[in-house]
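Note that the structure is predicted; figures quoted are calculated from it, not measured. Labels below follow one simple rule: chain letters A, B, ... track the order of the sequence lines, proteins then strands, and each chain is numbered from 1.
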Amino acid sequence: MEKRDEMLNPYMIQNLDQLEFSEFRQKLQQLMEAGYSPLQYFGSPEGILYSLMGKSDCLELLSTAFPNTRIYPSLSKEYPAFNMFERLLHEQYNIHPEGHPWLKAVRSQLPGENAHSDYSFLSDDSSLLHEVGVGPVHAGVIEPGHFRFICRGETVEHLEIQLGFQHRGLEQLMLQGDFKEKTALAESIAGDTAVGHCLAYCCLIEQLADIQPKGREIRIIALELERIAMHLADLSALAGDVAYIMGQNFFAAIRTTIINSSLAICGSRFGKRWMTPGGVNYAITKQQARVLESTLQKARTQIIDCAEAMFANSSVVTRFDDTGVLKLQDALALGLSGITAKASGMIVDARMDYPCIENSNFVALTQSSGDVYARAYLRYQEILQSLQMILSEINQIDFQQAISTPINSLAPNSICSSIVEGWRGRIVHTAKTDAEGKPIWYRITDPSLINWQALALVMRGTAISDFPICNKSFDLSYCGSDL
Amino acid sequence: MFNLIKARIRHGYQAIPNPLKTQIHPSFPGRPSLSGKADLEALNRLCPVSAFEKKGLDLGKCVFCGLCERRYPDWICFNPDFKIAADKRENLIITPEQATMPPIQAIKGFKHSFAMRNVSAGGCNACELELGASNNVNFDIGRYGIEIVASPRHADAVIVTGPISKNMADALHATWQATPQPRYLILCGSCAISGGVFSNSVQLDRSFLSHWQACLYIPGCPAHPLSIVHGIHSLMGAK
Amino acid sequence: MSIGFLILFLAIIPALWKRSGLFSILWLLGSGIIAFEYLEVIYSRTVQDFMISFPYPIGTANIGISKLSAFFGTVFAIGLPLGMLYGHFYLKQHPSEGIRSHLFWLGILGLSMHGILWMKHSLLFLMVWELMSISSFFCVIHDRQQSLKAGLNYIITMQIGAAFLMVGFGLMFILTGSFDFNGLENMPRLPMYLLLIGFAFKAGFVPLASWLPQAHPVAPAHVSGMMSGLMIKAGLYGIILILLTNAFSLWEILVFCLLSIISAFWGVIHAMVSTNIKKVLAYSSIENIGIIGIGLCVGLLGKDAGIPAMATLGFAGAFLHIFFHSMFKALLFYLSGNVLVASHTLEIDKLGGLAKSMPFTAVYFLVGTIAISALPLGNGFISEFTILYGIFHAMGANDLPAMVFGAVLLSVLAFVGALALIAFSKLFAIIFLGEARQEEARNAQECPRGMRIPQLVLGLGILATGGIANLGLRFVKPILRWMALDMTMIRDFQTTLNQVSIVLAIVVLLSALLYLIRRMCVRESISATWGCGYQKPNPRMQYGSYAFVHPLSYFLKPFILFSKKQKQGDMAKGINPINSMEAVDPIFKYIVEPVSKAMSWFFELFSHIHNGKTNSYIAWCLGFLILIIIWVLGVR
């Protein structure tokens, strides 16, 4: 069994120092001032509050016990990046962050309320304002969520998003059964990010088992194929929403060829059943590599043709340009990740900051205008970047090598975090094992949990008819946020 | 504009000529063949969703993860046969040495058009993406008159994807009540049929299905667009 | 005739005893008789003319009716009793003090309205005119708390208008030596303009119409309906009287045209943004006066340019609109009275969903909306169609001014019609459709049957005159003939109208047939409105009145003055701090109010004269006497 290469991510620690609450808070503030951002901030059933802080190439895990009074001064006033985490903390463990700008339920109901549907929305009784409520059952084939707009005429003054309709209790389900055999569940955290979440889970298990996984190139190829497929889906949806039907159909058809390449190798269009702790389940043979290469080359020409035509089309550009602008300072303050952040100029990408698979020359792409156009164009650029990555990785596959190593036992009494850059942004899985290597708790943070705040922010002052393209330009996961 | 014409010409013809008779890639895990020698109990212990509890492999529970196929290739193999939909829950159980799926009984009156309203009831979004993909230029269910409509008032059937979480139970019920008679229920994906990988979760509320009987079950995780096309097309009874 | 008027005079007696029922019945009876007599005058060649001697300074006065007066008389005789009947039932719902005097002044109002049409002597005319203004003022301020300020504004504006009339008639007397209306023929410009302005005050042309949107919302519903539907037409009567007896140059017609266009446009855009039902209807009255003015312009242009078809159809359209407007505006005002009684508010942003609890009101409101938006089946369509048809004739002729005018008027009529449709769809939708926005609307119930009778009559009348397109024209033709207009193309026009009627009939019958077939074949089930499966909807989740017109407000900004009320903003949550936005009448705000404030300030300078001390009063009197004596003896 090979020893693991030393890497920052996945991050494992045993015997974590538990700080005093004031020390914990001071340390957090110091890290925030130094440019760190909270990757996770959560309570655990043992009554301990954890915070995983990260900056490019640095990770630090802090912990403290729950305050005795279960009340503490909120961090969100100074650092909005903690906003969503504190809401979740309040909902799950009834710990009250005093001075939180807006304590609302995230996935079910606040302590003290009866039902998920008891969520009280902001309301104003001016006669100029009216409300528009859409969902949970939306007009198209998309996931459920309730959007409440307060509109002054056709302009949105305020948007509030109620999620939690897809709460399936994933974090509890991860604790049941054999901890090493949870790939099927991890893939279903968010089915469109099956590879991303499963990879995070697998890396976590491998770190706990202290083995070096096989199939490095195949894993990169799977992750990037997923990224390309979903970016194409987004471009297709965006084109459809502005009635650029050519784009809608082209991108959807090209996406089919990409995901059929996944199907050809592992049997699933979404890359499900491909990853496993220790490596991958399905290898890429020489023949398959050749077919994949030619498919991707063909797709590349078609994507460039279609995207150039779309982004030169004036009716498309009119709709996209200057719509749903997310300012850089807001993105930085909220600690966003993925396309949502990069399109506003924030340089953040886990493949660069904490790569879980060795790749030394990755540079994150960004745009600066932060509008729908920037997010759409950045997707196009990332597709080309991912295609380039896959084509170079294909050349490096060793077809004779084994594709997986067995997992035996998991390290006891350890806390382990793994971070993967899914196509939406930064995925973080953290787990703690007990004395027998069984999990005590498992925390999943999909990038959508934080990024939904960006949508609520950009809709202020936008016309309500621009909501579909703003929503699709972010394309956030409802189920990833709901777990 | 010339760029666009050039792109269109290079794009070529993308539609699958006949989705009902097409060949899918051999890697696709479709209808399984269970050998008579298979030890169902061993398979059941291995299976993440315990799909081998009854006398065979229950496709309604199966998430097609391939674990059983990789571990015991002699006992079970999944054929690239996407025609796995069934109109009765019992017909989804593949017994050993079963070679075909039982045929689907068509419902009367929908030969040429069928309108569906999708309710995404807490799934992982993969089935929704596949349902949406069945509308695209490759699979094009519109050519059979199958469409996905925006309002349940326009729908003939409600197609449920996802395991029906507690928070979506009322919304699903409301959608069903809002659909005018005659109305049909279709369950798409293993989560909808049996709860899938979430079947043990306390956050589900599947009581809706104890009141209302579905008329079509489309297995898969996610259900492949070709399975969806085939299933609904057979339900419509068109030739 | 005298029997009818006698009955109307007698109606004052039950009024003094608060017997509003008997009052209305007598009015119905009397008006019925009078209406028949008026119709006789219109259709026959007889003219009723009396010369009565009055003491000095009136002298021998000519009292009688021409065909024009008879036309207006019929309109009044149809509208007034319905208003009195509605008033009887409405006041029963709104019991308050002062019914005795209110009914008395109502009776006087009605009588004076008829009286104006008979007086052909300017002094008598002015006396009855003043009586009409004063009686309407007392009727308006029935609900004394809220209405005093608006009522006073109204009466003062009317007095200013009457002052113009007095000066005008005075000049006429000086120039012709007699008070008789014969002097109206070929008058010199100054007295004519003064008289026109005086009548325009009453009719409601912009910029003299600031009183309308203030007086109508505070007046009780039946008074608003009668004022808007009928009293305004008295002003138009005066204007038409002068138009018929004088010749106008193209420039003067242009000015009149411009004023009409401005009135129409001004009225409709303010109707679009108002949130009080009666204010919307009041502004809409200004708009319709503008349309009638446009019709009169088309007639005058036709005469001036020598296009007889245009002249005839223009005047025909104007007269038809006068008649039809009285019907649908009265209907809408009475229905707003229904809404007020049921929900105790006229603010549409507090209402909603009333179609379920008040189906009768909703259906008749729809009929009124169809009529006022000039949609087919409503009679507004017929009158505007007539005017448009007249304009089409101008487009075909060779006269350049007529063609240019015609094009401009065509686009204005079309635009104004579209905006009226928006304003009234908004009104109907926000009040009757959707869900009740606040408590008052939730508890609303349909009004008692009595209130519905006049509305039923008016509604059926609207549908009848809208469906049977020639009905109104038959009524108007004798007037046109009397005005010596060319009647040759009327036959063709009537054929066109017949075709319209036939098409409408076919459409209605087909729709009814389809509906009945569907009723028989399809079994209906009723369930809750589809709301995306959301479990806790609230009444704020529906369109509001501001949202309805917001997309247009971009274009309306330069034309409407808004006063915005700020409140503490919640910028953290993104809500803009403007709490409410109300359209303000700039003429009132920038002209009337400053002038009256200046006058008050000026008079207050003398207020210290009123110091309560008898000594100083005597001193002032003494001082004045001394000055007078000095002036009489010294200066003279």
Give, as side chain, backbone, both or neither, the part of [X] having an atom under 4.5 angstrom from any heavy atom of chain A.
{"X": "B:C127", "result": "neither"}
{"X": "B:F78", "result": "neither"}
{"X": "B:Q14", "result": "side chain"}
{"X": "B:V149", "result": "backbone"}
{"X": "B:R10", "result": "both"}
{"X": "B:P225", "result": "side chain"}
{"X": "B:S201", "result": "both"}
{"X": "B:A133", "result": "side chain"}
{"X": "B:R117", "result": "side chain"}
{"X": "B:L67", "result": "side chain"}
{"X": "B:N200", "result": "both"}

Side chains of [X] and [Y] only: does a donor on one sit below 3.5 Å from an acceptor on the other?
{"X": "B:H11", "Y": "A:D305", "result": "no"}
{"X": "A:D446", "Y": "A:S448", "result": "yes"}
{"X": "B:N79", "Y": "B:S33", "result": "yes"}
{"X": "A:Y201", "Y": "A:E187", "result": "no"}
{"X": "A:T256", "Y": "B:N138", "result": "yes"}

Give, as side chain, backbone, both or neither, the part of [X] having an atom under 4.5 angstrom from any heavy atom of chain B.
{"X": "A:F251", "result": "neither"}
{"X": "A:I142", "result": "backbone"}
{"X": "A:R269", "result": "side chain"}
{"X": "A:F165", "result": "both"}
{"X": "A:E143", "result": "both"}
{"X": "A:L173", "result": "side chain"}
{"X": "A:Y282", "result": "side chain"}
{"X": "A:Q302", "result": "side chain"}

Legend entry - Result of checking B:L129, B:I159, B:I148, B:T161 against A:V141 for side chain to side chain contact (heavy atoms under 4.5 Å, CB included): B:I148
Counting heavy-atom pairs closer than 4.5 Å to chain B, which one of [options] comes out on top?
{"options": "A:D482, A:L263, A:I265", "answer": "A:L263"}
{"options": "A:A184, A:A264, A:A115", "answer": "A:A264"}
{"options": "A:A194, A:G140, A:A253, A:A252", "answer": "A:A253"}
{"options": "A:M246, A:Q172, A:R168", "answer": "A:R168"}
{"options": "A:P144, A:S236, A:A312", "answer": "A:P144"}

Inset, instruction - Might you point out which heavy atoms bring A:P136 and B:M168 nearest each other, and give the distance in Å? - result: CB-SD, 3.9 Å
In terms of ring plane angle, is the pair [X] and [Y] parallel, tilted or perpendicular, where the classes change at 30° and 60°?
{"X": "B:Y72", "Y": "B:W75", "answer": "parallel"}
{"X": "A:F147", "Y": "A:Y478", "answer": "perpendicular"}
{"X": "B:F114", "Y": "B:Y184", "answer": "tilted"}

Inset, instruction - Return the option, out of B:G132, B:A15, B:P29, with the maximum number of heavy-atom pairs under 4.5 Å with chain A. - result: B:P29
Inset, instruction - Using modelled atom types only, decide if a donor and an acceptor are shared between the side chain of A:T405 and the backbone of A:G278 within a distance under 3.5 Å. - result: yes
Inset, instruction - Please say whether more than 12 non-hydrogen atoms of neighbouring residues, nucleotides or ligands are located less than 6.0 Å from CZ in B:R71. - result: no
